[in-house]
Amino acid sequence: GVSHVLTLALQELSLLCKRDVNGLGMLHDLLRSRWLQALLKIYECLQHYLGKRPAPVTLQARALSREVVELLREAPQSGDSKELRRLLRSPHLKASPALLSAHDTVAQKDFEPTLPPLPDNIPENEEAMRIVCLVKNNQPLGATIKRHEITGDITVARVIHGGLADRSGLLYAGDKLVEVNGVPVEGLEPEQVINIL
């Protein structure tokens, strides 16, 4: 790997350094530095991990867990089956289906919501439009909205520093809202839009 190539390069540089060639001493010291050695070891570990690409055994762990618990109810009671049933019914798995749901979400690579397709009939002179997807998870958006005095459009009035909108870098003061969660906002009052958010 990379460490072996580095070792060979250091050996070659050691021979050249004895001849006092310009700059080779500095290069030799750099290649022998502990931080570079550690960085190369990390790089090799990452390359090894990427080569393995661990894959989930199943995409439906939550459903499989429920199915196994049902099968264990009907199975003859042995020590192993009792222990497995106890484990699957433990608070970590039974009371918190979120653990297995999270596994299934990651296994299915279902990380982001699906966005609707862009309409085909956008006029050429239409202003640039961005589709913004923010997942709130019970936290405030961190932006205020208002109705534009002249156009009547619903716009972002301000983005609160440190809030979700600010951290995402996707919303800016003055942005016009066209649709929120699939609901067109034209003609709605700002209070109605807030309820959709």
Side-chain angles (χ1 to χ4, degrees), residues 42-43 45-71 87-197:
I42 292 170
Y43 174 79
C45 288
L46 288 173
Q47 289 301 317
H48 179 69
Y49 173 79
L50 290 174
K52 288 171 109 177
R53 288 270 182 201
V57 175
T58 179
L59 302 180
Q60 304 293 332
R62 187 174 177 197
L64 182 61
S65 172
R66 285 193 301 258
E67 185 181 337
V68 169
V69 167
E70 289 300 316
L71 289 172
L87 286 171
L88 290 174
R89 295 180 75 190
S90 71
H92 302 296
L93 295 177
K94 185 180 177 197
S96 178
L99 176 65
L100 294 176
S101 293
H103 169 276
D104 293 347
T105 299
V106 172
Q108 295 167 15
K109 298 182 180 173
D110 186 22
F111 306 121
E112 297 181 17
T114 55
L115 298 174
L118 288 174
D120 294 328
N121 56 353
I122 297 176
E124 290 294 322
N125 62 350
E126 187 73 24
E127 294 179 29
M129 182 182 290
R130 290 188 324 261
I131 295 176
V132 175
C133 177
L134 294 174
V135 181
K136 290 186 355 176
N137 295 333
N138 297 326
Q139 59 185 316
L141 179 61
T144 60
I145 59 172
K146 67 177 182 178
R147 179 176 299 286
H148 192 275
E149 297 166 356
I150 299 169
T151 64
D153 295 333
I154 302 292
T155 62
V156 175
R158 70 180 202 137
V159 176
I160 298 165
H161 180 72
L164 176 64
D166 180 47
R167 289 191 316 267
S168 75
L170 298 173
L171 285 180
Y172 302 95
D175 283 353
K176 174 183 170 182
L177 299 181
V178 177
E179 195 175 273
V180 175
N181 295 333
V183 178
V185 298
E186 187 175 356
L188 296 180
E189 293 299 319
E191 294 77 21
Q192 293 172 299
V193 176
I194 288 170
N195 289 334
I196 300 170
L197 287 169

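All of these numbers come straight from a predicted model, not from anything done at the bench. Numbering starts at 1 and runs along the sequence shown.
For residues 151-168, every residue pair satisfying the salt bridge (Lys or Arg N to Asp or Glu O under 4.0 Å) rule, not counting sequence neighbours, is listed here: D153-K176.
Here the closest non-hydrogen pair linking C133 and L170 is O-CD1, 4.1 Å. The heavy-atom pair separating A143 from A165 by the smallest distance is CB-CB, 4.2 Å.
With sequence neighbours excluded, no residue forms a side-chain contact (heavy atoms from CB on, under 4.5 Å) with A173.
Between the CG atom in L171 and the CD1 atom in I160 there is a gap of 11.5 Å [rounded to 0.5 Å]. Between the OG1 atom of T155 and the CD1 atom of I145 there is a distance of 8.5 Å, given to the nearest 0.5 Å.
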Table please: side-chain donor-acceptor pairs of residues 181-197 below 3.5 Å, with sequence neighbours left out.
unit_1, atom_1, unit_2, atom_2, d
N181, ND2, I196, O, 3.0
Q192, OE1, E189, N, 2.7
N195, ND2, E191, O, 3.4

